[in-house]
A.B. asks: 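Could you have a look at this structure, given as C-alpha cells, before my questions?
Everything quoted here is computed from the prediction, not taken from an experiment.
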There are 2 protein chains.
Amino acid sequence: MTTRSGKRGKDDEGNVPLPTLLTQAKDIAVDKLHQRLADEGFEGIRYVHGSVFRFIGPEGSRLTTLAERSGLTKQAIGEVVSELERHGYVERVADSDDRRAKIIRLTDQGTMAQVAAAQILTDIEWRWSLSLGQDRVTTLRRTLEELIGLESD
Amino acid sequence: MTTRSGKRGKDDEGNVPLPTLLTQAKDIAVDKLHQRLADEGFEGIRYVHGSVFRFIGPEGSRLTTLAERSGLTKQAIGEVVSELERHGYVERVADSDDRRAKIIRLTDQGTMAQVAAAQILTDIEWRWSLSLGQDRVTTLRRTLEELIGLESD
DNA sequence: CTTGACTGTCAGGCAGACTGACTAAATACC
DNA sequence: GGTATTTAGTCAGTCTGCCTGACAGTCAAG
C-alpha cells in the first residue's frame, strides 16, 4: 500500500503548523527544480549537491571551504564532491600554492547546471508570481529574509 | 573562523534561493519549539515525534492510520511510537473490536505535550507578528497555504 | 471452514552524515 | 636549520533514520 503523505481533507479545525507549511513549500520548489534539471539533461542531481553549487567560488574552492560554508563535515562534502565528479559536474585540480590542497572547480557542464538551476529557481518564483501576484511572492521572500535575520542573532 | 552558512552581504542580485530561506525559517521555528518544550519539562521530543502528535486522533489511532497520515511506513512509525511510549507520552491499548489492533493513545503527559506544542507554535507566530507586523505573518501563512494548494494537484 | 486480506512486529539492509585516526604538506617556534 | 604544531584531504568505522521483506495472529467473505 502506497501511503500518500498526510493529506487531510480540509483542515479539521486547527491550523496546520507553520513549520509544516514551510517544509511543504520547500519540498514543492525543490522537487520542481530537480525535475526540470533532469528534463534539461542534468541528471543525477540530488538535494545535497546544492551544497556545492551554491557555495563554490567562481575560480573554484577548497574542500574545507565548502565544508565550512555548507555546515557539513569535510568527509561528507568530500563524498558529495566525488559523486559530482563522477557525474562530470566538478573536477579536482592541484593547488599550485599548496600541495596539500586541491581546488574543486566546476566543469563546463557544472557551470551550465549551476546557471540552469538559478534560472529555474527564478522561473519558479516568476510562475508563483503569476498565480499569486508578484507583490505577494516578493513579500514572502522579504518576510522570510527578515525573519531569519531577526532570529539568527 | 566560524562560517555562518551562506550569509552574503546585500550584493548584486545573488539571491538566496527560496528553498534555502524556507528551510532556514522552518529550522528556526522547529528549534525554538523543541527548546521551549524541553524548558517546560517535555524532554526527549524529536522532530519526527510530530508525526504522532499531529496525526493522532482524540480517542487514539491505530498504527496503520498514523503510518498513512504521516507518509511513513508502519515499521518506521512503530519505532517512533515505541520511543514515545518509553518516554511516557503514549500508550498502546488493546482494541476491543479487533484483537489484531492496538490503539495508540496519548497519556496525560502526552496530551499536555500536545497542547504545549500547539501553544508554543501559536506563540512563535505571535512573537513574529510583534516584530514584523501581524498582517505580514498572516500573509505569510496564507501565501504558503495557497502555494501548496496550488501546486500539490 | 477455507481462503484471502489486514495488523503489528521482527529482521535485515542501505544511505547519509557523523567521529576518529591517519599521511602529507605547510607553518610556527626556538 | 630542525623540530613541533597546525592544516588539507582521505580512509575506516559507527550511528541514525528510514526502507523492504517475512511473519504470526486475527478478521471477514465465500
Side-chain angles (χ1 to χ4, degrees), chain A residues 1-6 19 23 26-27 30 34 44-57 59-87 90-105, chain B residues 1-3 5 23 26-27 30-31 34 44-57 59-87 90-105:
Chain A
M1 164 146 315
T2 329
T3 50
R4 288 274 311 102
S5 111
T23 301
K26 183 264 290 175
D27 287 343
V30 169
H34 289 149
I45 294 187
R46 295 185 304 115
Y47 183 73
V48 74
H49 295 161
S51 304
V52 172
F53 286 118
R54 268 193 290 146
F55 296 122
I56 197 169
E59 307 299 321
S61 298
R62 290 185 181 184
L63 192 68
T64 303
T65 307
L66 292 177
E68 286 170 353
R69 290 182 180 167
S70 67
L72 297 177
T73 57
K74 292 187 296 179
Q75 295 87 331
I77 202 76
E79 179 51 39
V80 173
V81 166
S82 295
E83 196 177 328
L84 286 172
E85 197 176 26
R86 283 194 293 276
H87 282 82
V90 305
E91 57 189 354
R92 287 174 160 102
V93 299
D95 184 337
S96 51
D97 297 338
D98 187 338
R99 271 183 297 174
R100 294 171 303 179
K102 298 169 187 172
I103 304 292
I104 292 137
R105 274 196 325 208
Chain B
M1 171 177 301
T2 335
T3 49
S5 119
T23 301
K26 181 265 288 175
D27 287 343
V30 170
D31 288 350
H34 289 150
I45 293 187
R46 296 185 302 115
Y47 183 74
V48 74
H49 295 161
S51 305
V52 172
F53 285 118
R54 268 193 291 146
F55 296 122
I56 197 169
E59 307 299 322
S61 298
R62 290 187 179 183
L63 193 67
T64 303
T65 306
L66 292 178
E68 285 171 356
R69 290 181 180 168
S70 68
L72 297 177
T73 57
K74 292 186 296 179
Q75 296 87 334
I77 203 76
E79 179 52 38
V80 172
V81 165
S82 294
E83 196 177 329
L84 286 172
E85 197 175 27
R86 283 194 293 276
H87 282 82
V90 304
E91 56 189 354
R92 287 174 160 102
V93 300
D95 184 338
S96 51
D97 298 338
D98 186 338
R99 272 183 296 176
R100 294 171 303 178
K102 298 170 186 171
I103 305 292
I104 292 137
R105 273 196 326 207

A.B. asks: Which residues pass the side chain to side chain donor-acceptor pair (under 3.5 Å) test with Asp95(A), sequence neighbours left out?
C.D. replies: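 Expected list: Arg62(A).
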A.B. asks: Quick one: list whatever passes salt bridge (Lys or Arg N to Asp or Glu O under 4.0 Å) with Arg99(A), sequence neighbours left out.
C.D. replies: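 Once residues adjacent in sequence are excluded, Arg99(A) has no partner under the salt bridge (Lys or Arg N to Asp or Glu O under 4.0 Å) criterion.
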A.B. asks: Determine: side-chain N/O of Thr64(B) to OP1/OP2 of dC6(C), distance under 4.0 Å, yes or no.
C.D. replies: no
A.B. asks: Out of curiosity, Lys74(A) NZ to Glu79(A) CD, how far, rounded to the nearest 0.5 Å?
C.D. replies: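 Between Lys74(A) NZ and Glu79(A) CD, I get 15.5 Å after rounding to 0.5 Å.
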A.B. asks: Five pairs per end, C1' atoms only: what is the angle between the end axes of the helix from dC1(C)-dG30(D) to dC30(C)-dG1(D), to 10 degrees?
C.D. replies: 10°
A.B. asks: Look at the side chain of Arg100(B) and decide which nucleotide, out of dC6(C), dG8(C), dA25(C), has an atom nearest to it.
C.D. replies: dC6(C)
A.B. asks: By nearest nucleotide on DNA chain C, pick out whichever of Thr73(A) and Asp97(A) is the more 5' one.
C.D. replies: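 It is Thr73(A), whose closest nucleotide lies nearer the 5' terminus.
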A.B. asks: Please give me every residue in residues 79-87 of chain A whose heavy atoms get under 4.0 Å of an atom in DNA chain C, ordered by residue number.
C.D. replies: none
A.B. asks: Partners of Arg46(B) by side chain to side chain donor-acceptor pair (under 3.5 Å), sequence neighbours excluded?
C.D. replies: Glu83(B)
A.B. asks: Can you measure from CD1 (Ile56(B)) to OG1 (Thr65(B)) and round to the nearest 0.5 angstrom?
C.D. replies: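 That separation rounds to 10.0 Å.
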A.B. asks: Tell me every residue that passes side-chain contact (heavy atoms from CB on, under 4.5 Å) with Ser51(B), counting only those two or more places apart in sequence or in another chain.
C.D. replies: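 Ser51(B) satisfies side-chain contact (heavy atoms from CB on, under 4.5 Å) with Val48(B), Ser70(B), Leu72(B), Ile77(B) once adjacent residues are dropped.
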A.B. asks: Using the 3.5 Å cut-off, write out each protein N or O paired with an N or O of nucleotides 12-15 of chain C and the distance between them.
C.D. replies:
none

A.B. asks: Of the non-hydrogen atoms in Lys26(B) and Tyr47(B), which two are nearest, and what is the gap between them?
C.D. replies: CD-OH, 4.5 Å
A.B. asks: Quick one: Leu63(A) CG to dT23(C) C1', roughly how many Å, whole number?
C.D. replies: 16 Å
A.B. asks: What's the closest nucleotide to the side chain of Lys74(B) if the choices are dC10(C), dT7(C), dC18(C)?
C.D. replies: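 The listed nucleotide nearest to Lys74(B)'s side chain is dT7(C).
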A.B. asks: Asp95(A) CG to dA24(C) P: how many Å, rounded?
C.D. replies: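 One finds 19 Å between P of dA24(C) and CG of Asp95(A), rounded.
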A.B. asks: Students should find this one: the first and last nucleotides of DNA chain D, 5' to 3', lying under 4.0 Å from a heavy atom of chain B. What are they?
C.D. replies: dG17(D) to dC27(D)
A.B. asks: Under the side chain to side chain donor-acceptor pair (under 3.5 Å) rule, collect the residues that match up with Glu91(B), sequence neighbours excluded.
C.D. replies: Arg105(B)
A.B. asks: Looking at CZ of Arg69(A) and OG1 of Thr64(A), how far apart are the two atoms once the value is rounded to the nearest 0.5 Å?
C.D. replies: 11.5 Å
A.B. asks: Can you name the side-chain contact (heavy atoms from CB on, under 4.5 Å) partners of Arg92(B), sequence neighbours left out?
C.D. replies: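 Arg92(B) satisfies side-chain contact (heavy atoms from CB on, under 4.5 Å) with Val81(B), Ser82(B), Glu85(B), Lys102(B), Ile104(B) once adjacent residues are dropped.
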A.B. asks: If you find the nucleotide of DNA chain C closest to Val48(A) and the one closest to Arg99(A), which residue's nucleotide is nearer the 5' end?
C.D. replies: Val48(A)
A.B. asks: Using 30° and 60° as the class boundaries, would you call the ring planes of His87(A) and His49(A) parallel, tilted or perpendicular?
C.D. replies: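 Because their plane-to-plane angle lies in the 30° to 60° range, the rings of His87(A) and His49(A) count as tilted.
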